[in-house]
Asks: 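Let me give you the structure first, and then I'll get to my questions.
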Amino acid sequence: MPKKTPKIDELNVLEAAADMADLARQIAHHDAAYHQKDAPEISDAAYDALRNRYRALLVAFPHLAPVNDPEQRVGVAPAAGFTKVAHVVPMLSLANAFSDDDVAEFATRIRRFLNLPENETLEFVAEPKIDGLSCSLRYEQGALVVAATRGDGTTGENITANIMTMKDVPKKLTAPFPDSVEIRGEIYMNRDDFIKLNKQREASGEQIFANPRNAAAGSVRQLDSTITASRPLKFFGYALGERVTGDAEQQALRKTIAHWGFKLNEPSRLCKTVDDILDYYHDIESKRHALPFDIDGVVYKLNRFDWQERLGFVSRSPRWAIAHKFAAEQAETKLNNIHIQVGRTGALTPVAELEPVTVGGVVVSRATLHNEDEIARKDIRVGDIVRIQRAGDVIPQVIGVDEKRRAKNSTPFVMPTHCPECGSLAIREEGMAVRRCTGGLICPAQAVEHLRHFTSRTAFNIEGFGEQRVHELWQDKIIQSPADIFRLKNHRATLETREGWGEKSVEKLLAAIEARRTISLDRFIYALGIRQVGEATAKLLARHYHSLDAWRDAMVAAQDTESAARHDLESIDQIGALMARDIVGFFAEPHNIQVLDDLASELTIESHQKPDTHNSPLAGKTIVFTGTLETMSRAEAKAKAENLGAKVAGSVSAKTDYVVVGADAGSKADKARALGVNVLDEHKWAALLATL
DNA sequence: CAGCCTCGAGTTCT
DNA sequence: CTCGAGGCTG
């Protein structure tokens, strides 16, 4: 709670952002106390004061509205679905180790990175890795205010109402506790409870859950929290969202978390050597089935926090922790056939058709074989008995073949040289792993997959346009090119008479199509399905060219390899010569330009919004990033800064306004300090962005 | 030029 | 989730 309230016009941007985020959190907390628990903690007048100050700040700094903007929230409990929660610090995943060697290497890497002498002991806290779902719990003044799922790591779902029903989750922490703390942990279900639950469901004719993990996940995502309350969910805490305690070690933090009122994941052990670690691993592995819950491995975390901080993160996972996985459950089955699938780009993908077999609680009947090299490497033949597992316990994978049980007359698999769908030649380019059909849109598979990509969730997101319908309409020549989708309303009468299509479903489909007649430029570019242009690249192009016309003109001009337009395209960060070739190549085909113009005549394509830099704190400023950023990639940081109207430069000079310093920053940070340039650490930078 | 990181494109099953 | 490929960094 703010001790004193500074005048709004005296606040700088960072202070205002922090103030607003804080107020939003407090308001959310009191909303919950009032509406959900019928136990208001402050007077109405005090509550109104919070809201008034928040509104005043919002007027002064509209661009700083936090994600959980109370002014945007209608009521407390969402009517349908869950609201989103942005994680202040992303919830990352762990790197995996599959062998003893991987673990030894993990320890060596840490030693090398920290430059430790041989005789220095590395302590690790080892814990079982329970197969559940991770969850973040935010406590303000010791009271639980928000619970969120991991989601994609950056944004999760608000499941507070459901979590409030769980016995293992304290609603109040046992003092002493920090003003604000985020505890992260795992929600799971014991095996016995899972079996009992399934028996009940079976008796009442409900669908049974495949495994405890699914049962826990399904229970947490209930819209009616009385259902969640009836499920035997458990929770243990294992980490904090950010460091707020004085604990210097993981082991001590475990004690603190337990003191606050949480259960811990046990059995754990403090290990001092790699041999200790492996000993623990093998011990747990042998006890695995005696534990009350399912685990898929164990986790090792470096004990000392100061070393954790120095190590930081690579990509999306910490360098100071690793998950040592148990061997995935495997099964043997017969490979009945190898089917060739043709994708949207013409890629021929061999897929194994398997005699159905249960692996890890799921019946598997197909598995990708990736490409012909992969098949040759493993010498996989039709009729073989193959061993399969589910990679990361999800995607089925053929590990190998039992050659002793192979039929004498079996022959190696030969990849077809022609497309199985259209008969066109299928070519493997020099140095490439995939073979592609050259039929283009003549190939029915490519044509249909192309349209499917166009309507997919991440492109035009037209609901009710699945593979079946797209294929049907394409085959009957009602839809041949993407623009035909938007002329489908002219076929209403014909559609309604089709088998399997009622008046209602046609109505729904047409409405879904109309809802997408207006689309953002980046989605539009992505939907075109240009080779190598995915969501990220489409965004880059939209941001660079702003409007469809500007982009179209530039690409037409870029047909000449030496043109300025071509150089302009290649000057975009992340776009090199090869990608430029594919993008410009798309426009070399008159048919593609026709399709594009035809679409443009049916649609409203929103130009890329030049960021409203009018109010932005970073407008016209020059920013330099240095060191390893942990919460976002460099490209992401750059994009965000540019969206706020900033210029991102590569080196520090007197003209630089801000330097954002990540881990292991070198000379740039020193130079910035020497020049007296504003230096922001990553935390401040992220806190600012989190509120925008 | 190697080693990285990120992106795209493919995939399974509920 | 995994693989391969393209682009950037040092």
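Quick caveat: nothing in here was measured; it's all calculated off a predicted structure. Letters A, B, ... are given to chains in the order of the sequence lines, protein chains preceding strands, and every chain is numbered from 1.
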Asks: Starting from P on C:dA5, measure out to CZ on A:Arg531 and report it in whole angstrom.
Replies: 12 Å
Asks: Looking across every strand, which nucleic acid part, if any, lies under 4.0 Å from A:Glu374 by heavy atom: base, sugar-phosphate, or nothing?
Replies: nothing
Asks: Heavy atom of residues 196-206 of chain A under 4.0 Å from DNA chain C: which residues?
Replies: none
Asks: Determine the interplanar angle of the A:Phe460 and A:Phe524 rings, folded into 0 to 90°, and report it as parallel if under 30°, tilted if 30 to 60°, perpendicular if over 60°.
Replies: perpendicular
Asks: Expressed as a whole number of angstroms, how long is the span from A:Lys539:NZ to B:dC7:C1'?
Replies: 12 Å
Asks: How long is the line joining CG of A:Asp373 and C1' of C:dC3, in whole Å?
Replies: 12 Å
Asks: Can you tell me how far P of B:dC7 sits from CG of A:Asp522, to the nearest Å?
Replies: 14 Å
Asks: Compare every heavy atom of A:Pro416 with every heavy atom of A:Leu348, then report the nearest pair and how far apart it is.
Replies: CD2-O, 4.4 Å
Asks: Can you name the salt bridge (charged side-chain N to carboxylate O under 4.0 Å, His left out) partners of A:Arg213, sequence neighbours left out?
Replies: none
Asks: Taking only the side-chain heavy atoms of A:Asn371 (C-beta and beyond), determine which of C:dT2, C:dG6, C:dG4 contains the nearest atom.
Replies: C:dG4
Asks: Please write out each protein N/O paired with an N/O of nucleotides 10-14 of chain B under 3.5 Å, distance rounded to 0.1 Å.
Replies:
residue : atom : partner  : partner atom : Å
B:dG10  : OP1  : A:Thr345 : OG1          : 2.7
B:dG10  : O3'  : A:Thr349 : OG1          : 3.3
B:dT11  : OP1  : A:Gln341 : OE1          : 2.2
B:dT12  : OP1  : A:Arg366 : NE           : 3.3
B:dC13  : OP1  : A:Ser365 : N            : 2.8
B:dC13  : OP1  : A:Arg366 : N            : 3.4

Asks: Rounded to the Å, how far apart are A:Asp582 CG and C:dG6 P?
Replies: 9 Å
Asks: Using whole Å, what does the distance between atom C1' of nucleotide B:dA9 and atom CD of A:Glu535 come to?
Replies: 12 Å
Asks: Please report the distance, rounded to the nearest Å, between NZ in A:Lys325 and C1' in C:dC1.
Replies: 10 Å
Asks: For A:Leu425, what residues pass the side chain to side chain contact (heavy atoms under 4.5 Å, CB included) criterion, not counting sequence neighbours?
Replies: A:His418, A:Ile427, A:Thr438
Asks: Taking only residues two or more places apart in sequence or in another chain, which ones pass side chain to side chain contact (heavy atoms under 4.5 Å, CB included) with A:Glu562?
Replies: A:Asp560, A:His567
Asks: Nearest of C:dG4, C:dT2, C:dG6 to any side-chain atom of A:Met579?
Replies: C:dG6
Asks: Hey, could you give me each pair passing salt bridge (Lys or Arg N to Asp or Glu O under 4.0 Å) that has a residue in residues 330-346 of chain A? Not counting sequence neighbours.
Replies: A:Glu332-A:Arg405
Asks: Take the protein atom CD1 of A:Ile583 and the nucleotide atom P of B:dG8, then report the distance between them rounded to whole Å.
Replies: 10 Å
Asks: Go through A:Trp307 and A:Ile110 one step at a time and tell me if the side chain to side chain contact (heavy atoms under 4.5 Å, CB included) criterion holds.
Replies: CA-CA 9 Å; A:Trp307 285 350; A:Ile110 290 177; 6.0 Å; no
Asks: So, for A:Tyr526 and A:His453, is the gap between ring centers shorter than 6.0 Å?
Replies: yes
Asks: Between A:Pro128 and A:Ile295, which heavy-atom pair has the shortest distance, and what is it?
Replies: CB-CG2, 4.2 Å
